[in-house]
Amino acid sequence: MSILKISHPAGRRTRVVILTILIALLLITIYAMGIFIPDEAAAGSFLEAGQPPSWKHPFGTDMLGRDLLARTLKGMAVSMTIGIAASAVSAVIAVITGIAAAAGSRYLDASIGWLIDLVMSIPHTILVILISFAMGRGLKGLLIGIAATHWCSLARLIRGEVLQLRSRQYVAVSRRLGRSGGWILIHHLLPHLLPQLLTGLILMFPHAILHEASVSFLGFGLPPEQPAIGIILSESMRYLSTGMWWSAVLPGLVLVLIVLLIDRLGEQLRLILDPGSAQE
Amino acid sequence: MALEAKNIFFRYRNKKPWILEDCTLRVEKGERLALFAPSGYGKTTLAMLLAGYLKPIKGQILLEDKPLPQKGICPVQLICQHPENAINPRWRLRRVLEEAGGIREDMLDAFGIETAWLSRFPRELSGGELQRFCVARAISSDADYLICDEISTMLDVITQAQIWNVILNEAEKHNTAVIAVTHNRHLAAKIAERTVELPDL
Amino acid sequence: MKQKDETLLEIHDLSVSFRMYDHGLSQTDLEVISNLHLSVHPGEILAVAGSSGSGKSLLASAILGILPPNATVRGHLHYKGQELNAQRQKQLRGTEIALVPQSVSFLDPLMKAGKQAEGHHRPRTPAPIKSLFRRLELPEETERLYPFQLSGGMARRVLVSTALLTDARLVIADEPTPGMSLEQAMEALGMFREMAREGKAVILITHDIDLAFEFADRVAVFYAGTTVETAPASDFRSGPDRLRHPYSKALWNALPQNGFQPIEGFQPYAGDLPKGCLFAPRCPYRTEKCIISIPPVREVRGGEVRCYYGS
C-alpha cells in the first residue's frame with residue numbers, strides 16, 4: 001500500500017487578500033487620525049517644552065511644547081494627501097503619454113521617449129524644487145512639481161504594454177471585424193492596462209511622499225506653518241545637538257513605516273491582480 | 001468573384017530568405033480548397049496574407065480585382081490554430097460573439113454552444129469549445145471567404161468532426177469559400193474539392 | 001507485448017486533484033484524474049491517447065512526481081513491483097525514468113544542444129550523439145547551437161534525443177511529434193520502437209490517435225481524466241467492431257478517413273463530472289445503471305474496458 005500525498009499550503013490568495021486589507025486599514029486609520037485630531041492637541045504649552053517620550057506624550061514634545069505624536073500624524077495626513085493627489089495626476093499623464101507613444105506616429109513616440117529621458121536624467125529632487133518654485137511654491141507648486149516628475153517610468157511601462165497588446169491576435173481579429181482604433185483602445189486595451197495602472201499608482205505613491213518630505217525638509221516645499229513631516233524633521237534638526245533625539249527619530253520612523261506599508265500594499269495588489277496567482 | 005494572390009513575395013525581415021516567393025493562388029467564391037504543406041513552408045504566413053493580417057512585400061492580394069478593404073468588416077476572415085490567442089482573456093464569451101455583430105441563435109444551435117458558456121471566461125472553457133466561438137464569430141460576420149489555418153490540429157477527432165461538419169454546412173448554405181490549411185491528408189481529402197500543395201505554388 | 005507477465009509500471013486507482021480558487025476566495029478541489037488504471041510492460045510502446053484537457057500530461061507528471069504543490073495524489077503506483085513514493089520518484093527520474101517533455105521551453109536556454117542531449121549522465125563515448133543527431137536529420141552543427149537558434153521541429157528532435165541517450169528503463173514521451181514533418185516523426189517514432197526492442201518501456205502520450213493506432217503496441221484511450229479502454233493497437237486499426245468502449249468507437253468513426261461522423265456533446269469538466277460512467281451523458285447505449293455508478297474495469301478479449309456493456 002502506498003499512498004502518495006502532497007500536502008498543499010493554505011491558499012496563497014487568501015493570505016494575500018487578508019494582508020492587503022490589514023495594510024489598507026492601518027493606512028486609513030493613520031490618515032483618519034491625522035485628519036480628525038483637533039488642532040488643540042498639537043497646540044503648544046511652554047510648560048511642557050522639550051519633554052522626552054512619556055505616557056502623556058508618546059513621541060515627546062518639541063521646543064514649543066507641541067505634542068509630537070499629534071504633529072506627526074497631522075503631518076503624515078498632509079503628506080499623504082499630497083502623495084495621493086500628485087500620484088493620481090502623474091498616473092493620468094503616464095497613461096496619456098504612454099498610449100500616445102505606443103499608438104501614435106513614430107515621431108510622436110520618439111519625442112515622448114526623448115522627453116522621458118530628459119525628465120529622468122535630472123535628479124528628481126532638483127526638478128521638483130525647480131518646478132515648485134516656478135509654480136509659486138506652497139501646496140500648489142509642490143503638487144505640480146511632484147506630479148510633473150513621477151510619470152516617466154509608468155509611462156514607459158504602459159507604452160510597452162500597449163505595444164505588446166496591439167500585436168495580440170484578438171486585437172488583429174477585432175480590426176478585421178471592422179472595429180475602429182478607438183473602440184479597440186476602450187474595449188481591448190484599457191481593461192488590460194487598469195491593473196498595471198493601479199499597482200503603478202500605488203508604487204509611485206511612496207516616492208511622491210518621500211519627495212514631498214525631502215523638499216519640505218530642505219525648505220523649498222510647504223510653508224513652515226503647515227505641519228508636514230518634512231517640516232517637523234527639519235525643525236528637529238536644529239535641536240538634535242541638544243539631545244532631543246525623539247523629535248527626529250520617531251516622526252522619521254513613522255514616515256519610513258508608512259512608505260514601506262504602501263510599498264507592500266502595491267506588491268500585494270499586484271499579486272492579486274496577476275491572473276497567474278489564481279492557480280494556487 | 002474570387003480571392004487572388006498575385007505573384008506575392010513575403011519575408012519578415014530584409015535580407016532573410018523569402019518565405020513565400022512569387023506565389024500565385026486563385027480561390028473562387030463558394031470553392032472549398034485545401035492548402036496542404038509540411039510545417040515550415042509558410043502556410044500560416046500565406047493564410048495571414050490572404051486575410052490581410054500581413055501585407056506582401058511584393059505582389060498583390062485582390063478581392064474581386066480590388067485590394068482588400070482596410071476599413072469595415074473584412075469579407076475574408078481568418079480562424080487560427082490556437083483559439084485562446086484569438087480571444088481576449090478578460091472578456092466573457094458573450095462579448096466575443098457580440099464583437100462580430102451579435103449573437104445568432106442559429107449559430108449557437110449549430111455549434112452546440114450552451115447558453116451557460118456565454119457568461120464564462122475563456123480560461124474556463126477547453127480549446128475545442130473556444131474554437132467553436134472563433135468559428136461562430138467568423139461565420140457571423142457574414143464573410144465570403146473563410147480561411148481555416150490548422151483549426152483542428154490541437155483538437156480531438158470528435159471535436160474536429162463536429163466543427164468541420166458545421167463549417168461545411170454553413171459554407172454550403174451561404175456559398176462561402178473555405179480555404180483549409182492543413183497537414184492532414186485525410187482531412188484535406190474529406191473537406192476540399194481541390195487540394196493545392198504549397199511547395200508547388 | 002513480449003513479456004506480459006512482468007509489469008514495469010503499474011498504476012492502480014490513481015486520482016490527482018488540484019486545489020483551485022473558484023470565485024473570490026472560495027477554494028475547490030478539481031479532480032483532473034480519477035480512478036485511473038494503467039500498466040506498462042518492458043519492450044512495449046503504450047500510447048496514451050485522448051483529447052486535450054483529458055489529463056494526459058498530468059499523468060506523466062504524476063508518475064515522475066513533479067506535480068505543482070497544490071496537487072493532491074491518491075492511489076498506488078508500483079515500479080518494478082515496489083511502491084513508487086515521492087522519495088523513489090526523485091531517485092529514479094532522469095536515470096530509470098526519463099521524460100521527453102511536451103514543450104520546447106523545457107530546454108535550458110543557456111546550454112548548447114549537444115550538451116543538453118547528453119544530460120547529467122554522459123555517455124561513455126561521444127559517438128552516439130553524433131550518429132543520433134544524424135539519424136534525426138539534425139545538421140552537424142546542431143550540437144553547438146543554443147536552443148533559441150533551433151527551429152521548433154529541430155528543438156523537438158533534440159528533446160527526443162535527450163531520452164534516447166539515457167539508460168532509462170521507462171521513457172515517457174509527452175506529445176513528441178508536433179512540428180515535425182511526417183518523415184521526421186516516423187524517424188523519431190522508429191527510435192522509440194528501437195528502444196522498446198531493447199527492452200525499454202515507452203509511454204507515448206499523444207492526441208494524434210492516427211499515430212497512436214499506427215505505432216503503438218497497445219493504446220490506452222483517455223476520457224475526462226481516466227482510461228476508458230486499453231487494448232492492442234491492432235484492434236484500433238481493424239475497426240469499431242473490434243473495440244470495446246463506445247467512446248473508442250466514436251473516436252474511430254470521427255476520423256476523416258473513416259466517415260468523419262461526430263457524436264454530440266462535450267467532455268465533462270473536472271469539478272463537474274457525472275456521478276456514474278464519465279461517458280454516460282454522451283453514450284448512445286447508456287442505461288440507468290451507467291448514470292448511477294461508475295463501471296469497474298473489466299477484462300475483455302485481451303483488453304481492459306471500463307464499461308458495463310463493452311464486449
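Just so we're clear, the structure is a prediction, and the values are computed from it rather than from any experiment. Chain letters run A, B, ... following the sequence lines, proteins first and then strands; every chain starts at 1.
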Answer yes or no: does atom [atom1] of [X] have more than 12 heavy-atom neighbours from other residues, nucleotides or ligands under 6.0 Å?
{"X": "K190(B)", "atom1": "NZ", "result": "yes"}
{"X": "E264(C)", "atom1": "CD", "result": "no"}
{"X": "F9(B)", "atom1": "CZ", "result": "yes"}
{"X": "E28(B)", "atom1": "CD", "result": "yes"}

Which heavy atom of [X] sits nearest to which heavy atom of [Y], and what is that distance?
{"X": "Q261(C)", "Y": "A161(B)", "value": "C-CB, 4.5 Å"}
{"X": "F266(C)", "Y": "F111(B)", "value": "CZ-O, 4.3 Å"}
{"X": "R120(B)", "Y": "Y269(C)", "value": "NH1-CE1, 4.0 Å"}
{"X": "F260(C)", "Y": "N165(B)", "value": "O-ND2, 3.2 Å"}
{"X": "I158(B)", "Y": "P262(C)", "value": "O-CB, 3.7 Å"}

Can you check whether [Y]'s main-chain N or O pairs, donor with acceptor, with [X]'s side chain at less than 3.5 Å?
{"X": "Q267(C)", "Y": "S126(B)", "result": "no"}
{"X": "D156(B)", "Y": "I209(C)", "result": "no"}
{"X": "H186(B)", "Y": "N258(C)", "result": "no"}

R185(B) side, atom CZ; Q257(C) side, atom CD - distance, nearest 0.5 Å =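 Those atoms lie 13.0 Å apart.
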Heavy-atom proximity to chain B below 4.5 Å, by part of D210(C) =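 Side chain of D210(C) only, per the 4.5 Å heavy-atom cut-off to chain B.
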Do P256(C) and Q160(B) come close enough that some side-chain heavy atom pair is under 4.5 Å?
->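 SC-SC contact between P256(C) and Q160(B) confirmed.
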With only heavy atoms counted, which part of L155(B) is less than 4.5 Å from chain C, the side chain, the backbone, both or neither?
->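 Looking at L155(B), just its backbone touches chain C.
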Region of T159(B) that comes under 4.5 Å of a non-hydrogen atom in chain C |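 Answer is neither: T159(B) stays 4.5 Å or more from chain C.
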Under a 4.5 Å heavy-atom cutoff, which of L125(B), N184(B), I163(B) has the most pairs with chain C?
->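 So the answer, after comparing L125(B), N184(B), I163(B), is L125(B).
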